[in-house]
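Input: a single structure, listed below in structure tokens.
In what follows, every chain begins at residue 1, and chains take the letters A, B, ... in the order their sequences are listed.
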Number of protein chains: 2
Amino acid sequence: MDCLSRLRKNIETKVAISDEDFSKIASYFRRQHLKKKKDLLRIGDTCDELAFVCKGALRSYSMDARGVEHVVQIALEDYWMADLYSYLNNTPSNIAIDAIEDAEILLIKYNDVDTMCLEFPSMERFFRKLVEKAYSATLQRINSVKSLPAEDRYKNLLKNQPELLQRIPLIYIASYLGMTPESLSRIRKNV
Amino acid sequence: MDCLSRLRKNIETKVAISDEDFSKIASYFRRQHLKKKKDLLRIGDTCDELAFVCKGALRSYSMDARGVEHVVQIALEDYWMADLYSYLNNTPSNIAIDAIEDAEILLIKYNDVDTMCLEFPSMERFFRKLVEKAYSATLQRINSVKSLPAEDRYKNLLKNQPELLQRIPLIYIASYLGMTPESLSRIRKNV
DNA sequence: TTTTTTTCTTGACATAGATCAAGACAATTT
DNA sequence: AAATTGTCTTGATCTATGTCAAGAAAAAAA
């Protein structure tokens, strides 16, 4: 399936749109290919775009005082990725975004999101619902990082997002789950 | 300041509204008093309302397998609180919400949020921006729980939300920060 | 005020998970 | 195919933070 069809399908999981509206909506996006390991956003840059993953995988990560990377999010097909914090607060980003598989993405400027949402109220609704869902999932994740031992966090991922474990190197998964690769390896041996 | 004025001011930090529209918007909300320690939502119930705090303080928390409470969020005046996850997935809530200070709140049914947003596009925009901000803050929080030692998490809270430390018992703060009261006490002794 | 309950502190000890190190694979690149 | 780089595993050890216990202080209830 091509990039724009995926986008349309993704939007239509939440709101209905006409062919005519969709073609105008689509024109706000630009397509980009991102080779594995290439950056979409560097730490220190200001993020002003939102990415929709059509193919491949992106990850966002921060770096702590000792230079250790911490994976914040992993986005496979049909997921959206950005550093909202950097944009909303107009501050340099403290996270980076890169591709962990060759990726096809659609990009839209945040300013254009706002414009588009005024032009198409159903897109305003779409983004509200999209962010609501992402927000609620992230609160669940905070809760799991704080209240579950490493093994349970791994088991939950296995149950809820098995595809990640099949596609993404364990070093990234470990970091996403908030543990070291060594710990994850030992946990997997026991499960 | 009365409850509805606070609500209006909160909305107007993000979008403009006329007197006429606001009075219709206000009519979607109902006011409630919640005494300290009283529940707004119990674990296992389905959450179908969104709360705006006019006065006092709410907290949401989960309970782990051993019966230990984990504070997910603390909401002082002008903050919104709900278990979005329960509503969006129509599942029994795995978090509870109660008052940690006597509270005045405004409640609105989620279904009414959707209706209201169709009637007033600026409210759709308001909620999109509200949730965007909450989402980005929550991602930052995940990152801090995963990448910072307990002492740094405490220092960040001290810098960013000093009011919490003045008003809220440290047992809740500790849990919110993802540590035990004992650890927080020792950290505070050293800072 | 007195009593009861809740919150906070401190010490002794335990432990989940981190760190360090080294080797085995696996996947890219040349 | 060989060389290089990236990923995964395993063992030995360490450490930040948790757990348990007990008392002090503060707040709420009687």
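A salt bridge does not link E124(A) to R128(A): none of the charged nitrogens lies less than 4.0 Å from a carboxylate oxygen.
Across the protein-nucleic acid pair, R153(B) atom CZ and dA16(D) atom C1' stand 10 Å apart, rounded to whole Å. Put simply, CG on L184(A) is 14 Å from C1' on dA18(C), counting in whole angstrom units. Rounded to whole Å, the distance from NZ on K35(A) to P on dT28(C) is 12 Å. Taking atom NZ on K146(B) and atom C1' on dA18(C), their separation rounds to 15 Å, with Å as the unit. Taking atom CD of residue E151(B) and atom C1' of nucleotide dA16(D), one finds them 12 Å apart after rounding to whole Å. One can place CG of N190(B) at 11 Å from P of dG11(C), the figure rounded to the nearest angstrom. Put simply, CZ on R188(B) is 12 Å from C1' on dT7(C), counting in whole angstrom units. Per the geometry, CG belonging to L165(A) stands 16 Å off P belonging to dT7(D), to the nearest Å.
Looking at N143(B) and H70(A), their side chains never bring a donor and an acceptor atom within 3.5 Å of each other. Donor-acceptor pairing under 3.5 Å is recorded for the side chains of E119(B) and Y28(B).
For E182(B) against dC8(C), no side-chain N or O and base N or O form a donor-acceptor pair under 3.5 Å. A donor-acceptor contact under 3.5 angstrom links the side-chain atoms of R186(B) to the base of dT19(D).
Applying the 4.0 Å criterion to OP1 and OP2 of dG6(D), one finds that K37(A) has a side-chain N or O inside that range. Here K189(A) does not reach the OP1 or OP2 of dT9(D): none of its side-chain N or O atoms lies under 4.0 Å away. Residue T180(A) places none of its side-chain N or O atoms closer than 4.0 Å to OP1 or OP2 of dG17(C). Side-chain N/O atoms of R66(A) include one lying less than 4.0 angstrom from OP1 or OP2 on dT19(C). For S183(B), a side-chain nitrogen or oxygen approaches OP1 or OP2 of dG18(D) to under 4.0 Å. The phosphate of dT28(C) has OP1 or OP2 within less than 4.0 Å of a side-chain N or O from K36(A).
Counting non-hydrogen atoms of neighbouring residues, nucleotides and ligands closer than 6.0 angstrom, the NZ atom of K55(A) reaches no more than 12 such neighbours.
The side-chain heavy atoms of L50(A) and F127(A), taken from C-beta on, include a pair separated by under 4.5 Å.
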